[in-house]
Amino acid sequence: MSKIHNYIDAINKENRKALNIFLTAGFPEKENFTELACSVLDAGADILEIGVPFSDPLADGPIIQKSSKAALDNHITLNDSLRYVSEIREQRDNPLILMGYANPIIKYGLSKFLADAESAGVNGLIIPDVPLEENDNFFNELNPEIDTILLTTPTSSDERIKTIDEKSSGFVYCVSVTGTTGTREVFDEEIKKNLIRTKSLVAKNKLLVGFGISKPQNVSDLYDTADGFIVGSAVIKYLLDNNKKSALDLVRSLRNVC
Amino acid sequence: MIADKYSMPDSDGKFGIFGGKFVPETLIAALTELEKNYNEVKAEPGFLSELEELQTNYNGRPTPLTYANRLTEHFGKAEIFLKREDLNHTGAHKLNNALGQILLARKIGKKRIIAETGAGQHGVATATVCAKFGMECIVYMGSKDVERQSLNVFRMEMLGAKVIPVESGSKTLKDATNEAIRDWVTNVSDTHYIIGSVVGPHPYPMMVRDFQSIIGSETKQQLQRVRGKGPDHIIACVGGGSNAIGIFYPFINHNTKMYGIEAGGFGIDTDKHCATLTLGSPGVFQGMKTYLLQDESGQISEVHSISAGLDYPGVGPEHSYLKDTNRIIYDSITDAEALEGIKLLSEKEGIIPALETAHAVAYLNKLMPNTNEGEIVVVNISGRGDKDLNTIIANLKR
């Protein structure tokens, strides 16, 4: 059984929601990234999602694009991202997920990547430009130790959401809005309705909601619609200003409502 | 002759291992809807006659096939014909596709149109059809291209489009395309994305090819009429590759030798070029699996060409397939050679081609010595050079 699933399940059994925090690998600094990641876990994150920087991040809004660009300017590669995971893994037991676009993985070589990811301690993968249609072909081999986390969106049909649930392991990533990553002011009724629909269709997996969640109020508003929440841009935004303290404060305040 | 054998893409949108739908989940529903509607209209008499009427009375088709007598004399080998896509309304082949897609967008009921543009020709074509059909139009354009193609920016604005300069990455076509895709992900419910080349996720490479293949179909008929046979060689420039596939596709089951010419920039022994098929390797980018110029860690390269329309690190997936199956020969022409090509066509035939097209023209210098009398060469004159005069003046003075 999936380590990520069990981890979230244990949290839910304590009547809490899982908090998944996104960081861009090697950002804002190449040198102290592992320490930053550990302090985010210490501040209350349950799961870390580490973004592998890519030159053309289609699914990302301006904030994560900027962090990705900064990481690339620091010459952060997929190798570095795996190294960070193994360094964090030496110190912490939390689930660690890699989020990355398809091309760097293809270039690295899928089998070598899966083997190296497992030995580094990666528990799950999110590849936003490999949807259901390409999933079987892309993952022509699988590593049972590494979960494949697929995404649902408001435009996914009921039928697709069921198939995505079937094909996913670890959890299903529910994208709250149609759009790229980034903070949003309010979540309207339409969005909530879709989250309720999605939750009712996802049976096998836990459901984590992401995109646009930036503050404790968002979590409180959407609390019952998910098993956990994913926050990225709001944290990265502070890190872009080199304001590590505010980033960690945000994680703490999110944890308080999770 | 391999008659009627070629049938690509397959039902998954794959050209062999290339193509596909490598996009965020949000776009899948829109792509499925687009594919369904396209498959319905492509054989629908009402749609086809409306499109044909527009191609004839708005776009000015069929475009001429001009016998290049002085160019033919100059090389003294095969006869050279020019397929005059420069004479389309708006000055390039781009309108062929924009007209087809705007009709499709109307059928699906989308009100807002977005597009990416490099040289600005596709942006102008999209702005034109939006004006004609009264639709809102947003064009994404790399800020570097906004600068070097300022005339086209002005044209788009005159046509009522909003041009958004893109500051990310290399500030060229690739980045404009990323930004257009992000807009589409965000506004997918009311927006249709008119992609300007045979790139992106399925069904775009197939659909844009089909709309552009009018170039090759006309060429076939026109040459049959004047010479009673088809061409032995066809040359076209390749950025994303839509004018090339447009003229190649109707000949794909024939023996015609076809040459796709990429931008060699400062030379393919430098890192400043766009010779994707010559020097790239397969990967996934902007919704498709295709040849890409990329570094050793899989980041997409920042490329260079004097011509904004060819300044792109990827290529249409069907070209990748046609390269690997050796059906088409891909080669490259440098910035300097392309400028010579402009002079050649201007002085010998009284036609100033676009910088993109000049790459195809310049390839005559390489190909013609290997042709024979009695053979026929067709060059696809994909666009006219008016938009490039500033760049040409600056470079010819240098």
Quiz item: Do you know which of Gly20(B), Ala29(B), Pro24(B) has the most heavy-atom pairs with chain A at a distance under 4.5 angstrom?
Solution: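 Greatest number of close heavy-atom pairs with chain A: Pro24(B).
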
Self-check item: Winner by heavy-atom pair count (cut-off under 4.5 Å) against chain A, out of Gln286(B), Glu296(B), Lys289(B)
Solution: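 The answer is Glu296(B).
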
Quiz item: Does any donor atom in the side chain of Asp147(A) or Ser2(A) lie under 3.5 Å from an acceptor atom in the other side chain?
Solution: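 There is such a pair between these side chains.
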
Is [X] in contact with chain B via its backbone, its side chain, both, or neither, using a 4.5 Å heavy-atom distance?
X	answer
Ile127(A)	neither
Asp60(A)	backbone
Leu72(A)	side chain
Ser157(A)	neither
Pro154(A)	neither

Practice problem: Begin with the C-alpha distance, continue with both residues' side-chain angles, and end with the deciding distance and a verdict on salt bridge (Lys or Arg N to Asp or Glu O under 4.0 Å) for Asp56(A) and Lys174(B). | Solution: CA-CA 9 Å; Asp56(A) 298 83; Lys174(B) 138 182 125 75; 2.8 Å; yes

Salt bridge or not between [X] and [Y]? Use side-chain N to carboxylate O under 4.0 Å.
X	Y	value
Asp80(A)	Arg83(A)	yes
Arg160(A)	Glu133(A)	yes
Asp158(A)	Arg197(A)	yes
Lys36(B)	Glu33(B)	no

Quiz item: Non-hydrogen atoms of chain A under 4.5 Å away: do they reach the side chain of Ile300(B), the backbone, both or neither?
Solution: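 For Ile300(B), the contact with chain A is made by backbone and side chain together.
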
Practice problem: Give me the contact list for residues 104-125 of chain A versus chain B, heavy atoms only, anything under 4.5 Å, ordered by residue number. | Solution: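 Hits under 4.5 Å: Pro104(A), Ile106(A), Lys107(A).
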
Quiz item: For residues 300-321 of chain B, which residue pairs qualify under salt bridge (charged side-chain N to carboxylate O under 4.0 Å, His left out), counting only residues two or more places apart or in two chains?
Solution: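 Passing the test, one end in residues 300-321 of chain B: Arg148(B)-Asp311(B), Arg209(B)-Glu318(B).
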
Quiz item: Hey, do the aromatic rings of Tyr321(B) and Phe18(B) have their centres closer than 6.0 Å?
Solution: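 Ring-ring flag for Tyr321(B)/Phe18(B): false, centres at least 6.0 Å apart.
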
Quiz item: Between Tyr330(B) and His319(B), does the ring centre distance come in under 6.0 Å?
Solution: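 Tyr330(B) vs His319(B): aromatic centres under 6.0 Å.
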
Quiz item: So, do Tyr193(B) and Tyr204(B) sit near enough that their side-chain heavy atoms are less than 4.5 Å apart?
Solution: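 A side-chain contact under 4.5 Å exists here.
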
